[in-house]
Amino acid sequence: MIVFNSLDDIDIPFETCVTIGNFDGVHRGHQTLINKAIDYSKKNDVKSVVFTFSNHPVNFFKPGYVKNIISAEEKERIVENMGVDIYVCVPFDESMTQISARYYVENILIDKLHVKKMVIGHDFSFARKKEGNPELLRKFGEEMNFEVEVVTPVLLDGKRVSSTDIRRYIAEGDVAAAENLLGHYFAVEGKVVRGRQIGRTIGFPTANMEYDSCMIIPKIGIYATLTIVDGQIYCGATSIGTNPTVNGKKLSIETYILDFDQEIYDKEIRVEFVEKMRDEIKFESKEALRQQLVKDTDYVRNNYVKCLKGSIDKCEEFSTKIENIRQILKIKN
């Protein structure tokens with residue numbers, strides 16, 4: 001996949017099929033747009049282009065207003081795994097707010113991207129003050145000889161797939177519902193740092209993880225997770241909370257990785273959230289906490305570790321999701 005991170009750098013000698021959007025999460029609706037662009041490109045001997053932004057446009061006007069579902073790096077990984085030919089990811093900055101709809105089409109879509117077809121969502125808008133819309137884009141297409149396909153919303157259970165709903169599900173702790181709309185697990189990446197190391201005293205050492213404050217974080221609770229360390233996938237139980245049993249104050253993300261005993265301080269890890277198991281509870285003692293952690297890890301072991309190891313046969317869907325993770329992260333089996 002060819003990547004451009006600046007409009008000035010774009011230099012391509014062929015016609016393209018372009019889809020444009022923020023694509024936060026690259027959810028099932030976004031995947032429909034991208035796959036249509038890919039399919040058209042293959043059938044018509046042009047190149048597929050995803051045009052997106054490295055920051056959420058809303059946050060340019062209201063910094064920090066929208067929490068990201070995925071990082072810019074992960075967005076690129078997912079798009080590449082889908083088979084896109086060209087990826088344009090540029091900052092949404094002041095210059096983007098000044099571009100007229102006509103300039104946008106003539107100087108970016110025509111001159112730089114040589115667009116033959118546009119694939120857009122029904123609510124697509126572009127250029128200054130959102131003056132560009134599907135109707136105007138169609139008029140430009142007739143004038144400048146390119147096709148425009150407006151895709152109707154993707155529905156699941158009769159409801160439109162949206163990034164807003166995905167954020168809400170994650171914030172509520174319903175990571176399984178978020179995964180259903182995303183088509184992949186919600187994940188958090190970060191460096192392992194030293195915490196209070198209380199887990200070690202009760203036999204459950206955890207990886208305490210730094211996280212990006214620009215990313216949305218699931219609701220406080222205990223989750224069944226997958227952790228990727230050095231290209232290996234492990235099952236685990238992740239706590240998001242303040243550790244009230246030991247009088248914690250600061251919110252932390254801590255993962256107990258099953259069947260793992262390596263030293264990983266300062267390493268980057270990735271935690272994929274599979275399902276919420278329970279709320280965070282303040283226990284009467286460390287022993288009571290330890291007993292609950294045994295139950296939590298037994299649940300993960302019985303429902304996910306056995307699937308990961310292929311020792312039970314009801315894991316086809318889970319195995320497919322694991323394979324998807326491997327493909328996106330380019331992890332060898």
Side-chain angles (χ1 to χ4, degrees), residues 18-39 49-79 81-82 84 87-90 92 96 118-127 129-137 148-188 212-219 221 223 272-276 321 324 328:
V18 181
T19 185
I20 300 178
N22 187 53
F23 299 132
D24 188 18
V26 197
H27 60 54
R28 292 184 189 273
H30 300 147
Q31 291 167 30
T32 297
L33 294 174
I34 295 169
N35 282 326
K36 282 182 176 291
I38 292 171
D39 290 344
V49 176
V50 166
F51 187 115
T52 189
F53 303 103
S54 57
N55 56 313
H56 199 295
V58 171
N59 287 336
F60 173 77
F61 300 100
K62 298 179 180 179
Y65 186 78
V66 176
K67 295 290 187 180
N68 296 321
I69 297 170
I70 58 175
S71 66
E73 294 77 15
E74 183 173 4
K75 189 195 298 188
E76 181 177 326
R77 288 196 298 257
I78 294 173
V79 169
N81 186 61
M82 292 181 70
V84 168
Y87 185 67
V88 179
C89 183
V90 298
F92 189 93
M96 297 300 295
M118 289 285 299
V119 179
I120 57 173
H122 75 289
D123 58 351
F124 175 71
S125 62
F126 65 102
K129 298 181 180 179
K130 298 185 177 181
E131 67 182 33
N133 55 39
E135 182 180 358
L136 182 60
L137 195 59
V148 177
E149 179 179 356
V150 181
V151 180
T152 56
V154 173
L155 304 179
L156 281 179
D157 300 323
K159 189 174 182 181
R160 177 191 170 203
V161 177
S162 75
S163 297
T164 299
D165 282 344
I166 292 168
R167 287 190 192 87
R168 177 172 57 82
Y169 283 135
I170 294 169
E172 293 172 351
D174 195 347
V175 293
E179 187 275 332
N180 186 45
L181 299 187
L182 283 167
H184 52 85
Y185 293 127
F186 168 75
V188 176
D212 184 349
S213 61
C214 293
M215 299 288 294
I216 190 165
I217 299 298
K219 182 181 179 180
Y223 296 83
E272 309 251 355
F273 288 80
V274 179
E275 69 165 307
K276 184 180 180 184
K321 293 173 182 177
N324 185 49
I328 292 172

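All values below come from the heavy atoms of this structure, side chains included, with hydrogens, waters and symmetry mates left out.
With sequence neighbours left out, the salt bridge (charged side-chain N to carboxylate O under 4.0 Å, His left out) criterion links Arg168 to Asp165, Glu172. Remark: Met215 pairs with Asn68, Asp212 by the side-chain contact (heavy atoms from CB on, under 4.5 Å) rule, at least two apart or across chains. Residues satisfying the side-chain hydrogen bond (donor to acceptor under 3.5 Å, both in side chains) test with Asn180, not counting sequence neighbours, are none. Judged as a side-chain contact (heavy atoms from CB on, under 4.5 Å), and not counting sequence neighbours, the contacts of Leu136 are Ala101, Asn133, Phe140. By the side-chain contact (heavy atoms from CB on, under 4.5 Å) test, Val175 is found to be paired with Pro218, Tyr223, Phe273, residues two or more places apart in sequence or in another chain being considered. Here Arg167 pairs with Asp24 under the salt bridge (charged side-chain N to carboxylate O under 4.0 Å, His left out) rule; sequence neighbours left out. Take Lys276 and apply the salt bridge (charged side-chain N to carboxylate O under 4.0 Å, His left out) test, not counting sequence neighbours, and it matches Asp279. Not counting sequence neighbours, the partners of His30 by the ring-ring contact (aromatic ring centres under 6.0 Å, His included) test are Phe23, His27. Legend: residues meeting side-chain contact (heavy atoms from CB on, under 4.5 Å) with Val154, ordered by chain and number and at least two apart, are Thr32, Val161. Contacts of Lys321 classified as salt bridge (charged side-chain N to carboxylate O under 4.0 Å, His left out), with partners at least two apart in sequence or in another chain: Glu179, Glu317.
Within 6.0 Å of OH on Tyr65 lie no more than 12 heavy atoms contributed by other residues, nucleotides or ligands.
Looking at Pro134 and His122, their side chains never come closer than 4.5 Å, going by heavy atoms from C-beta outward. Looking at heavy atoms from C-beta onward, Val150 lies out of side-chain contact with Leu137 at the 4.5 angstrom threshold. When side chains are defined from C-beta on, Pro57 counts as touching Asn22, because their heavy atoms get closer than 4.5 Å. You'll find the side chain of Phe51 stays beyond 4.5 Å of the side chain of Thr19, heavy atoms only. For the pair Ile70 and Leu182, the minimum side-chain heavy-atom distance is 4.5 Å or more. Considering only heavy atoms from C-beta on, Ile34 comes within 4.5 Å of Val26 through its side chain. Within the 4.5 Å cutoff, side-chain heavy atoms of Thr52 are placed close to those of Tyr87.
The two residues Ile170 and Ala178 make their nearest non-hydrogen contact at CG1-CB, 3.7 Å. Contact detail for Gly183 and Gln31: the closest heavy-atom pair is CA-NE2, 4.4 Å. When all heavy atoms are compared, the tightest approach of Arg160 to Pro153 is CG-CB, 3.7 Å.
Between the Asp174 side chain and the Tyr169 main chain, no donor and acceptor come within less than 3.5 Å of each other.
Within the structure, the salt bridge (Lys or Arg N to Asp or Glu O under 4.0 Å) test picks out the following pairs touching residues 65-75 (sequence neighbours left out): Glu74-Arg270. For residues 51-65, there are no salt bridge (Lys or Arg N to Asp or Glu O under 4.0 Å) pairs, not counting sequence neighbours.
Once rounded to the nearest 0.5 Å, the distance linking CG of Leu155 with CZ of Arg28 reads 13.0 Å. Here Met96 contributes atom CE and Asn55 contributes atom CG; the two are 10.0 Å apart, rounded to the nearest 0.5 Å. One finds the CD atom of Glu76 at 11.0 Å from the CD1 atom of Ile78 (value rounded to the nearest 0.5 Å).
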Using the side-chain contact (heavy atoms from CB on, under 4.5 Å) rule, take Val84 and Ile38 through it: C-alpha gap first, then chi angles, then the decisive distance, then the call.
CA-CA 6 Å; Val84 168; Ile38 292 171; 3.9 Å; yes
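Tested against Phe186, the residues Ile166, Ile217, Val274, Ile216 include a single side chain to side chain contact (heavy atoms under 4.5 Å, CB included) partner, Ile216.
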